[in-house]
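One structure is given here, and the rest of the page talks about it.
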Amino acid sequence: MSKEQMLKELADAVVAGNKDLAVELSNKALEKGIDPYEAIVNGLAKGMEIVSDNYEKGTAFVPHLLIASNAMYGGMDVLSPHMKKVEGAAEPSTVVIGTVQGDVHDIGKNLVKTMMTAGGLNLIDLGHDVPLEKFVETAKEHHADVISMSALMTTTMVGMEKVIEMLQEEGLRDSMIVMVGGAPISEEFAEQIGADKTAPDAMHASHWVKDAVSELSPSEDRWSAAKINLAKVKYRDILSKKKVKSKTDIGLETAKQIIEEFESVGVKTKEEMSHAERTVSAMADKKVDRLPVYPLACGVLRKFANASYKEYATDPAKFAESAFLGAKYLDLDMFVGLIDLSATSADFGCTIKYPEDDTPSSEGHLEDYDKLEVPEVKEGTRAYELIKASKLAKDKLNKELGTPFVGFHEGPLLTLTQLMGADRVLMDMKTNPDAVLEGVQKCTDYICQVSEVFFEEDACDALCIDNLWSNNVIMSEEDYWKFDGKFIFDQHLPIFKKYDQPYMIHSCADAVHYDTQIKKFGTGLFSYAYYEKSKDKGSQNYADLIPKYGDTCCMMGEVDPIKFIDNSPEGIQSIENDTDDLLKGVLETLKENGMQSKYVMSTGCEIPPGGPLSGVKAMVDKVKELGPQYQKEIIG
């Protein structure tokens with residue numbers, strides 16, 4: 001076999017995701033005397049480029065990338081030890097990569113790692129749920145050129161800024177490039193926290209980093225004691241101002257201000273409809289005084305009860321008090337009982353970490369699909385504690401405020417990925433599909449049980465399910481249907497029909513399979529995120545969604561939740577402007593499509609629970625201020 005043919009077969013093995021073949025061919029390449037570096041660059045990495053190009057074109061999905069990368073790494077493990085250091089050749093640039101503390105989602109991070117590795121960079125992968133100081137320690141140890149941090153959950157994004165502050169404090173910030181990424185990360189957010197770059201996807205991230213590191217000054221200069229000491233002085237004033245600010249619990253402080261104003265002024269305007277009347281009418285597209293409003297302020301409302309996140313997540317009384325006081329003082333039209341995304345996986349035996357003031361998360365994953373046993377929803381299970389907390393909150397909100405309470409828990413595939421790890425489950429969809437299907441079935445059995453107990457216990461006015469993985473970048477619509485949608489359609493939806501309840505979905509994915517999740521499921525309310533940077537990949541906003549689905553489904557979104565971290569006058573004004581634009585645009589679109597009220601003003605994902613409450617109040621107040629006027633002017 002010629003060298004050219006060998007390199008092509010190596011590339012083909014990666015494209016096919018055949019790790020065993022990639023390993024076999026890599027060993028043959030060594031036997032034939034092919035340079036290991038050439039085998040990697042023009043063989044394995046070339047195959048990864050082909051898969052990446054297919055991914056960009058929408059003909060390959062994340063599982064294909066994962067199994068291709070697995071094959072590439074298998075070949076690299078054989079070839080890398082035989083690479084000889086060429087005299088005078090530059091060392092490959094070093095990138096420290098990981099998903100920030102509190103966040104167990106690592107698919108995006110793994111894809112970036114793969115693309116950068118294929119591009120010849122040296123990757124140090126810290127994994128997921130990485131303690132923030134670990135990024136700094138590892139960068140120091142290896143004199144890194146780049147730190148790349150990932151987050152999917154809005155609740156964990158604030159950790160990225162803390163890492164940058166640690167780098168500044170130690171005088172290391174100017175020694176390296178800092179890149180941040182993940183679906184909710186915008187260019188504005190990256191700039192605001194002091195990062196150098198965010199990119200729309202793994203391919204762009206890899207290309208940008210390769211160009212950026214080529215512009216860096218020599219490592220010995222950047223990491224010299226003189227440079228580091230100068231940087232410490234440079235950032236001292238910036239950090240001192242931040243530290244003074246950070247001593248204040250901004251959530252608690254803003255909660256106190258809102259309570260004080262409420263107690264002295266009360267609800268400023270007497271409205272025509274109650275919260276329940278308005279919400280129910282909007283879902284049915286009936287006449288309303290204004291559109292309902294509920295920014296997804298869940299955990300952040302614990303500040304009204306002066307509760308830690310651990311108390312909010314584990315003490316039903318604290319959860320109910322947080323929901324009640326938040327709904328009261330902000331005059332919310334509803335409350336969604338989202339605590340975290342690990343309640344159902346915990347009951348299968350997944351270890352859960354409960355930080356004092358951060359969202360609970362899976363600390364470790366289970367090993368074997370066949371050892372999964374469906375638990376019973378009963379006293380002592382995490383799901384039952386969630387149901388008990390929800391009932392307390394629902395009864396209090398209904399009785400004292402006339403405010404609807406929406407229960408919340410995870411769907412089948414989301415539960416399985418929390419149990420086993422998302423990247424593993426997505427790979428196994430291609431390599432071990434029967435095991436995944438069996439796992440999804442067991443998770444479905446439990447999910448159905450949880451929903452049934454919610455309804456039997458009268459623990460909610462409606463129930464919302466997080467069906468995260470419906471995403472046309474992550475997987476094809478056919479795969480989504482096979483590994484999640486069919487289970488929901490055949491087994492979960494009938495429970496909602498049995499109790500005459502609308503099926504509600506929350507998904508902060510950026511390019512959802514809406515036809516399946518709305519039309520096929522017959523969904524009554526869909527809470528969605530919109531990512532403008534992913535518009536070309538299928539992310540859709542109200543102007544896209546209302547004409548397609550408004551006849552059957554009430555949409556709920558899409559103000560950027562990250563903006564709620566900024567408590568400055570400019571930050572508050574930005575939220576008010578976005579709310580005004582969304583309100584006006586939604587009403588005009590509703591009218592154009594023969595509707596009048598089928599929309600809930602909200603955020604695209606949960607508002608970070610460590611932030612202030614002033615932005616939440618600003619959004620609610622803006623809808624209450626302009627909503628009735630716009631309703632009359634636009635709808636009539």
Pairs touching residues 108-119 that satisfy salt bridge (charged side-chain N to carboxylate O under 4.0 Å, His left out), sequence neighbours left out: Lys109-Asp125, Lys113-Asp125
Tell me which donor-acceptor pairs under 3.5 Å the side chains of residues 569-579 have, and how far apart each pair is, sequence neighbours excluded?
from: Glu570; atom 1: OE1; to: Ser568; atom 2: OG; distance (Å): 3.3
from: Gln573; atom 1: NE2; to: Asn577; atom 2: OD1; distance (Å): 2.8
from: Ser574; atom 1: OG; to: Lys563; atom 2: NZ; distance (Å): 3.0
from: Asn577; atom 1: ND2; to: Gln573; atom 2: O; distance (Å): 3.3
from: Asp578; atom 1: OD2; to: Lys563; atom 2: NZ; distance (Å): 2.6
from: Thr579; atom 1: OG1; to: Ile575; atom 2: O; distance (Å): 2.7

Check: Leu613 main-chain N/O paired with Thr254 side-chain donor or acceptor under 3.5 Å: yes
Lys140 bridged to Glu170 by N-O distance under 4.0 Å: yes
Lys57 with Asp53: basic N within carboxylate O range, under 4.0 Å: no
Indicate every side-chain donor-acceptor pair of residues 296-307 with a distance under 3.5 Å to a residue at least two apart or in another chain.
from: Arg302; atom 1: NE; to: Ala307; atom 2: O; distance (Å): 3.4
from: Arg302; atom 1: NE; to: Asp357; atom 2: OD1; distance (Å): 3.3
from: Arg302; atom 1: NH1; to: Gly299; atom 2: O; distance (Å): 3.0
from: Arg302; atom 1: NH1; to: Pro609; atom 2: O; distance (Å): 2.7
from: Arg302; atom 1: NH2; to: Asp357; atom 2: OD1; distance (Å): 2.8
from: Arg302; atom 1: NH2; to: Pro609; atom 2: O; distance (Å): 3.4
from: Lys303; atom 1: NZ; to: Asp249; atom 2: OD1; distance (Å): 3.4
from: Lys303; atom 1: NZ; to: Asp249; atom 2: OD2; distance (Å): 2.8

NZ/NE/NH1/NH2 to OD/OE distance under 4.0 Å, Asp145 and Arg222: yes
Residues that Asp196 engages under side-chain hydrogen bond (donor to acceptor under 3.5 Å, both in side chains), provided they are two or more places apart: Arg173
Summary of salt bridge (charged side-chain N to carboxylate O under 4.0 Å, His left out) pairs that have at least one residue in residues 177-189, sequence neighbours excluded: none
Pairs where residues 126-139 contributes a residue and the test salt bridge (charged side-chain N to carboxylate O under 4.0 Å, His left out) is met, not counting sequence neighbours: Asp129-Lys353
Steps toward salt bridge (Lys or Arg N to Asp or Glu O under 4.0 Å) verdict (Lys232, Glu169): CA-CA 6 Å; Lys232 283 181 183 177; Glu169 193 166 321; over 6 Å; no
Lys310 and Asp358 ion-paired at < 4.0 Å: no
